[in-house]
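First the structure, then my questions, so here it is.
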Amino acid sequence: MSGSLEVRAARRYAASASRVYEAFTDRELLAKWFSPSADVELEVLDFDLRVGGGYRFGFRYDSKYDVVSGVFKEITSPTRLAYTWTWEPLDPHAGIETLVTVELSDLGDECEVTVLHERFPDRETRERHDVGWAGALDRLRTANGEEQGLERQRQ
Amino acid sequence: MLARMGMCSAGELGRPFNISQPTASKHLLVLERAGLVRRQIQGREHRFQLEAAALQEAQDWIGRHSAFWEGTLSRLEQVVEADEEEAGEQIDTRDRGRHS
């Protein structure tokens with residue numbers, strides 16, 4: 001296991017990579033599909049598609065409304081898109097900055113989409129000694145390294 | 001063991017595995033530095049407990065985001081695989097099914 005906590009998802013579509021890329025980058029198209037189920041409605045609050053530009057998505061479900069926002073890190077048509085992803089208060093995961101990387105592969109008749117969503121040990125996680133799994137794994141590795149270093153010195 | 005029994009000393013934790021108290025203490029120190037166990041000192045006795053919240057939070061995050069992307073990527077199909085002439089206008093196949 002690497003130091004970061006991650007989720008991966010992949011799927012193939014009978015469509016061209018440019019068609020799929022458009023679905024990820026056109027705010028009107030996004031509003032039609034970008035949510036985990038038909039019951040969850042996406043409201044695109046901001047969508048400034050340029051590196052360094054920001055986005056904000058509101059997800060409405062029954063009486064719940066969760067907002068996620070982030071900044072575009074990489075925009076390469078039609079193969080790759082990377083953006084940070086941080087839930088806003090009062091979400092249970094609010095304030096945890098994560099990174100989403102969407103990769104599109106043209107397989108001739110099909111397009112494969114791979115999403116990697118990762119949490120990484122940030123400075124705050126490392127400093128807050130008692131919180132954060134990613135930071136914990138990081139410290140576990142460091143602590144193990146120190147132990148092994150000590151063992152080697154003793155031998 | 002920590003999950004089942006709550007708080008234990010290094011000696012108690014090592015005994016079922018034939019691990020000496022000093023060796024168990026060394027391993028516990030590594031886990032403590034990683035934020036996965038917490039040490040409580042009562043007089044001369046050091047007792048350890050699991051940082052269950054850190055583990056639970058990680059599990060919740062994975063479950064939520066895994067479900068999010070699985071659901072979202074399955075909904076993408078109706079948009080990108082819509083018929084060419086319909087693309088851009090009548091994309092939502094759910095609505096089409098409901099009205100026909």
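In what follows, chains carry the letters A, B, and so on, assigned in the order in which the sequence lines appear, proteins first and then strands, with residues in each chain numbered from 1.
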Exercise. Hey, could you give me the CZ/NE2 distance between A/Arg8 and B/His65, rounded to the nearest 0.5 Å?
Key: 16.0 Å
Quiz item: For the atom pair CZ (A/Phe59) and OG1 (B/Thr72), what is the distance rounded to the nearest 0.5 Å?
Solution: 6.5 Å
Quiz item: How close do B/Ala67 and A/Pro36 get, heavy atom to heavy atom, and via which atoms?
Solution: O-CB, 4.3 Å
Exercise. Would you kindly confirm whether B/Leu2 and B/Phe17 end up in one hydrophobic cluster when ILVMFWY residues are joined by side chain heavy atoms under 4.5 Å apart?
Key: yes
Self-check item: Engaged part of A/Ser35 at the chain B interface, taking heavy atoms whose separation is under 4.5 Å
Solution: both
Quiz item: Using links of under 4.5 Å between side-chain heavy atoms of ILVMFWY residues, direct or through other members, which residues join B/Met7 in one cluster?
Solution: none
Quiz item: What about A/Val113 and A/Leu116, same hydrophobic cluster or not, with Ile/Leu/Val/Met/Phe/Trp/Tyr joined at side-chain heavy-atom distances under 4.5 Å?
Solution: no
Self-check item: Linked, directly or transitively: A/Val68 and A/Val44 (ILVMFWY side chains, under 4.5 Å)
Solution: yes
Exercise. Test side-chain contact (heavy atoms from CB on, under 4.5 Å) on A/Val100 and B/Trp69 and set out the steps.
Key: CA-CA 11 Å; A/Val100 172; B/Trp69 288 109; 3.7 Å; yes
Quiz item: Which value, rounded to the nearest 0.5 Å, describes the distance between A/His93 atom NE2 and B/Trp61 atom CH2?
Solution: 8.5 Å
Quiz item: Are side-chain heavy atoms of B/Leu76 and A/Phe24 found at a separation under 4.5 Å?
Solution: yes
Quiz prompt | A/Arg11 and B/Glu77 ion-paired at < 4.0 Å | solution = yes
Self-check item: Portion of A/Ile96 that has a non-hydrogen atom of chain B nearer than 4.5 angstrom
Solution: side chain
Quiz item: Does A/Tyr65 sit in a hydrophobic cluster with other residues, and if so which ones, taking ILVMFWY side chains as linked at heavy-atom separations under 4.5 Å, directly or through other members?
Solution: A/Leu45, A/Val67
Quiz item: What residue pairs, at least two apart or across chains, pass salt bridge (Lys or Arg N to Asp or Glu O under 4.0 Å) with a residue in residues 20-29 of chain A?
Solution: A/Arg19-A/Glu22
Quiz item: Which residues from residues 83-91 of chain A are near chain B, with near meaning under 4.5 Å between non-hydrogen atoms?
Solution: A/Tyr83, A/Trp85, A/Trp87, A/Asp91
Quiz item: Between CZ of A/Arg12 and CG of B/Leu73, what distance do you get to the nearest 0.5 Å?
Solution: 14.0 Å
Quiz item: Do you reckon A/Leu49 sits in the same ILVMFWY cluster as A/Val20, going by side-chain contacts under 4.5 Å, direct or chained?
Solution: yes
Quiz item: Hey, quick one: are B/Leu50 and B/Phe48 part of the same hydrophobic cluster, counting side-chain heavy atoms closer than 4.5 Å, chains of contacts allowed?
Solution: yes
Practice problem: Of all the heavy-atom pairs spanning A/Lys32 and B/Arg75, show the shortest one and how long it is. | Solution: O-NH2, 3.6 Å
Exercise. With rounding to the nearest 0.5 Å, note down the distance linking OG in A/Ser37 to CD in B/Glu70.
Key: 14.0 Å
Self-check item: Test side-chain contact (heavy atoms from CB on, under 4.5 Å) applied to A/Trp33 and B/Val80, step by step
Solution: CA-CA 10 Å; A/Trp33 70 275; B/Val80 297; over 6 Å; no
Quiz item: Measuring heavy-atom distances to chain B, does A/Ser16 have an atom under 4.5 Å in its side chain, in its backbone, in both, or in neither?
Solution: neither
